[in-house]
Q: 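For reference, the structure I am asking about is given below.
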Number of protein chains: 2
Amino acid sequence: MDTSWHNSIDKVIHEPARLSMLACLYVVESADFVFLQRQTGLTGGNISSHMSKLEEAGYVKVEKTFVGKRPNTSFQLTEPGRKAMEVYCDRMKKVLGDLAG
Amino acid sequence: MDTSWHNSIDKVIHEPARLSMLACLYVVESADFVFLQRQTGLTGGNISSHMSKLEEAGYVKVEKTFVGKRPNTSFQLTEPGRKAMEVYCDRMKKVLGDLAG
DNA sequence: CCATTTAAGTTTGTATAGCAAACTATACTG
DNA sequence: CAGTATAGTTTGCTATACAAACTTAAATGG
């Protein structure tokens, strides 16, 4: 079994809170701030700071608009983000698969 | 899909370097310091500090002896450690499985 | 119409964590 | 005996996650 893969896993994605958000974005194509907050159970502060990191990484695109008179921030996965998720999932599945089949 | 599992994943195990070491211990039943170092590609300092954490968590048992005149430190998974690995793997597989089948 | 509360988000403060480099101690080797 | 290698720990720095405080603006209500 290979056990030297530890530096090949994407830490931006690996963080549970972010993986949770990304998992959500992976399936819905677009989600706004409040939806993600409700869905993941994360605090607003967490969503905000983690999203900054995901944006920096180029994994999500952020769009700020107004809905009625209230601000609305919506997120969606970029292509690189989707690709990175797939790579991450494949690698983790392989690691975990090796342990139990 | 459930996307609020982020706080139910065991961070002690989740850390890639430790997961790598644990994956190794999971299959070999007992491994010494140098073996783990070679196997995982981690530095001695990393093995040392991460193992301290795993020991604190009760996931590994540490045994210090001498082989010939040289010190030899060997590690093995405890039962709680093995159990925790299984729980971790199941949860992660579920998360990842939900994303791609 | 002013005061209060609620909502959406961001910034800040703190404690923790990971990693690499430096260090300790001991054993070989020439 | 001097120098190098081995086994392992400690230290110092940087980065990170999380919660709490803050900002801005809109709804509510007396």
Side-chain angles (χ1 to χ4, degrees), chain A residues 3-25 30-57 59-76 88, chain B residues 3-25 30-57 59-76 88:
Chain A
T3 45
S4 62
W5 43 264
H6 67 275
N7 48 5
S8 78
I9 85 104
D10 187 335
K11 293 240 197 186
V12 172
I13 295 180
H14 194 58
E15 163 61 30
R18 278 187 305 257
L19 183 52
S20 191
M21 298 191 299
L22 288 169
C24 198
L25 292 178
S30 173
D32 71 11
F33 195 98
V34 173
F35 176 77
L36 268 174
Q37 200 176 338
R38 302 271 154 75
Q39 195 72 14
T40 61
L42 292 162
T43 64
N46 288 172
I47 299 278
S48 178
S49 56
H50 283 305
M51 272 303 176
S52 296
K53 195 139 291 194
L54 292 172
E55 198 184 1
E56 276 173 47
Y59 291 171
V60 302
K61 187 165 60 96
V62 181
E63 203 166 24
K64 286 169 188 295
T65 59
F66 278 85
V67 169
K69 314 191 147 178
R70 293 176 169 290
N72 181 271
T73 305
S74 78
F75 308 100
Q76 69 180 282
Y88 172 82
Chain B
T3 45
S4 63
W5 42 264
H6 67 275
N7 48 5
S8 77
I9 86 105
D10 187 335
K11 291 238 197 187
V12 173
I13 296 180
H14 195 58
E15 163 60 31
R18 279 188 304 258
L19 183 53
S20 190
M21 299 191 297
L22 287 170
C24 197
L25 292 178
S30 172
D32 71 11
F33 195 98
V34 173
F35 176 78
L36 268 174
Q37 200 177 337
R38 300 272 155 75
Q39 196 71 15
T40 61
L42 292 162
T43 64
N46 287 170
I47 299 279
S48 179
S49 57
H50 283 305
M51 272 304 176
S52 296
K53 195 141 292 195
L54 291 172
E55 198 184 1
E56 276 173 46
Y59 291 170
V60 303
K61 186 165 59 99
V62 181
E63 204 164 24
K64 286 168 188 294
T65 59
F66 278 85
V67 169
K69 315 190 145 177
R70 293 177 169 289
N72 181 272
T73 305
S74 77
F75 307 100
Q76 68 180 284
Y88 172 82

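Every value quoted in this text rests on a predicted model; they were computed, and no experiment measured them. Basis for what follows: all heavy atoms, side chains included, without hydrogens, waters or symmetry-related copies. Here is how names work: the chains are called A, B, and so on, in the same order as the sequence lines, proteins then strands, and each is numbered from 1.
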Q: Any side-chain N or O of A:Asn46 under 4.0 Å from OP1/OP2 of D:dA17?
A: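 Indeed not, no polar side-chain atom of A:Asn46 lies that close.
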Q: If the cut-off is 4.0 Å, is B:His6 near the phosphate of D:dA17, judged by side-chain N/O to OP1 or OP2?
A: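 Answer is no, no contact under 4.0 Å.
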Q: Quick one: B:Leu42 CG to D:dA7 C1', roughly how many Å, whole number?
A: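 From B:Leu42 CG to D:dA7 C1': 16 Å.
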Q: Rounding to an integer number of Å, can you tell me how far B:Ile47 CD1 sits from D:dT10 P?
A: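 Atom-to-atom, B:Ile47 to D:dT10, this comes out as 16 Å.
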Q: Let's see if you get this right: which residues in residues 11-25 of chain A place a heavy atom under 4.0 Å from DNA chain C?
A: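 Residues of residues 11-25 of chain A that come under 4.0 Å of DNA chain C are, in numerical order, A:Lys11.
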Q: Give a yes/no on whether any side-chain N or O of B:Ser48 is located under 4.0 angstrom from OP1 or OP2 of D:dG8.
A: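 No.
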Q: If I take atom CZ in residue B:Phe75 and atom C1' in nucleotide D:dA7, what distance separates them, rounded to the nearest angstrom?
A: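 Spelled out: CZ on B:Phe75 to C1' on D:dA7 is 11 Å.
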Q: Taking atom OG1 of A:Thr73 and atom CD of A:Glu63, what is their separation to the nearest 0.5 Å?
A: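 Answer rounded to 0.5 Å: 10.0 Å.
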Q: Any side-chain to backbone donor/acceptor pair from B:Ser48 onto B:Gly44? Under 3.5 Å, distance only.
A: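 No.
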Q: With distance as the sole test, does A:Ser20 use its side chain to make a donor-acceptor pair with the main-chain N or O of B:Thr3 at under 3.5 Å?
A: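 Such a contact is found between A:Ser20 side chain and B:Thr3 backbone.
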Q: To the nearest 0.5 Å, how far apart are CG in A:Leu36 and NE2 in A:His50?
A: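 Going from the CG atom of A:Leu36 to the NE2 atom of A:His50 covers 12.0 Å.
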Q: Would you kindly give the CD1-to-P distance between B:Ile9 and D:dA17, to the nearest whole Å?
A: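 It works out to 12 Å between those atoms.
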Q: Keeping B:Arg18 on the side-chain end and B:Val12 on the backbone end, is there a donor-acceptor pair under 3.5 Å?
A: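 Present.
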Q: Atom CG in B:Asn72, atom NZ in B:Lys64: separation rounded to 0.5 Å?
A: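 If I round to the nearest 0.5 Å, the distance is 10.0 Å.
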Q: In whole Å, what is the span from the CZ atom of A:Phe33 to the P atom of D:dT23?
A: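 Atom-to-atom, A:Phe33 to D:dT23, this comes out as 17 Å.
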Q: Find the distance between OH (B:Tyr59) and CD1 (B:Ile13) and round it off to the nearest 0.5 Å.
A: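 Reported value, rounded in 0.5 Å steps: 5.0 Å.
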Q: In this structure, how many angstroms lie between the C1' atom of D:dT6 and the CG atom of B:Asp32, rounded?
A: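 After rounding, the reported distance stands at 12 Å.
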Q: Describe the nucleic acid contact of A:Thr73 in one word from base, sugar-phosphate, nothing, applying a heavy-atom distance below 4.0 Å.
A: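 If one applies the 4.0 Å heavy-atom cut-off, A:Thr73 turns out to touch the sugar-phosphate alone, with no base involved.
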Q: Can you measure A:Lys69 atom NZ to D:dT28 atom C1' for me and round it to whole angstrom units?
A: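 Atom-to-atom, A:Lys69 to D:dT28, this comes out as 14 Å.
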Q: Nearest of D:dG8, D:dA27, D:dA7 to any side-chain atom of B:Arg70?
A: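 Shortest atom-to-atom distance from the side chain points to D:dA7.
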Q: Using a 4.0 Å cut-off to any heavy atom of chain A, which nucleotides of DNA chain C are the first and last in contact, reading 5' to 3'?
A: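 Result: C:dA7 to C:dC19.
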Q: Taking the side chain as every heavy atom from C-beta outward, state whether B:Leu54 and B:Val62 have any atom pair closer than 4.5 Å.
A: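 Heavy-atom side-chain distance check fails, nothing below 4.5 Å.
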Q: May I have the distance from B:Phe66 (atom CZ) to D:dG8 (atom C1'), rounded to whole angstrom?
A: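 In whole Å, D:dG8 C1' and B:Phe66 CZ are 11 Å from each other.
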Q: Would you kindly compare B:Lys53 and B:Thr43 by the position of their nearest DNA chain C nucleotide and give the one closer to the 5′ end?
A: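 Looking at DNA chain C, the more 5' nearest nucleotide goes with B:Lys53.
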Q: Please check: side-chain N/O of A:His14 versus main-chain N/O of A:Leu19, any donor-acceptor pairing under 3.5 Å?
A: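 A pair under 3.5 Å: no.
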